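Since we're looking at a predicted model, the values are computed, not measured.
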Amino acid sequence: MALGRRNAAVIGFWLRPVLAGPGAVGGPLKEMIALTRQGRLRPLAGGSYPLADAGRAHEDLLARRSVGKLVLVP
């Protein structure tokens, strides 16, 4: 009711049913692999941290001081 009074909404998306559809994964996954092989798609590593600094890495994620994936190095 609180959302309705403000004309607001909560909208979500559940990926599992989409992935269950025929051809939902095969085609896009093949395209992603091909683009990666061609060098047109590259993962973005935002930095690496020693495993002992995992807490700092998490803080940087929460504070949005990083871009891409962070790597923890054992």
Side-chain angles (χ1 to χ4, degrees):
M1 290 177 65
L3 291 173
R5 285 192 293 265
R6 295 189 330 242
N7 198 26
V10 175
I11 300 171
F13 178 76
W14 195 24
L15 187 59
R16 186 178 298 264
V18 174
L19 294 177
V25 178
L29 185 58
K30 287 178 184 175
E31 180 182 6
M32 183 184 72
I33 291 170
L35 289 171
T36 303
R37 284 185 178 148
Q38 295 167 11
R40 294 176 55 201
L41 180 65
R42 293 184 308 261
L44 178 61
S48 62
Y49 295 77
L51 187 55
D53 290 340
R56 187 168 56 96
H58 191 254
E59 289 171 2
D60 286 351
L61 280 172
L62 290 175
R64 296 179 178 233
R65 288 188 291 259
S66 62
V67 176
K69 303 297 182 186
L70 298 183
V71 178
L72 296 175
V73 181

Closest approach of Ala57 and Leu70, non-hydrogen atoms and distance? O-CD1, 3.5 Å

Can you see which heavy atom on Leu61 is nearest to which on Ser66, and at what distance? CD2-OG, 3.5 Å

Could you tell me the separation between the [atom1] atom of [X] and the [atom2] atom of [Y], rounded to the nearest 0.5 Å?
X: Thr36; Y: Glu31; atom1: OG1; atom2: CD; answer: 10.0 Å
X: His58; Y: Tyr49; atom1: NE2; atom2: OH; answer: 11.5 Å
X: Arg6; Y: Met1; atom1: CZ; atom2: CE; answer: 13.0 Å

Check whether Leu41 and Leu29 end up in the same hydrophobic cluster, where Ile, Leu, Val, Met, Phe, Trp and Tyr are linked by side-chain heavy atoms less than 4.5 Å apart. yes

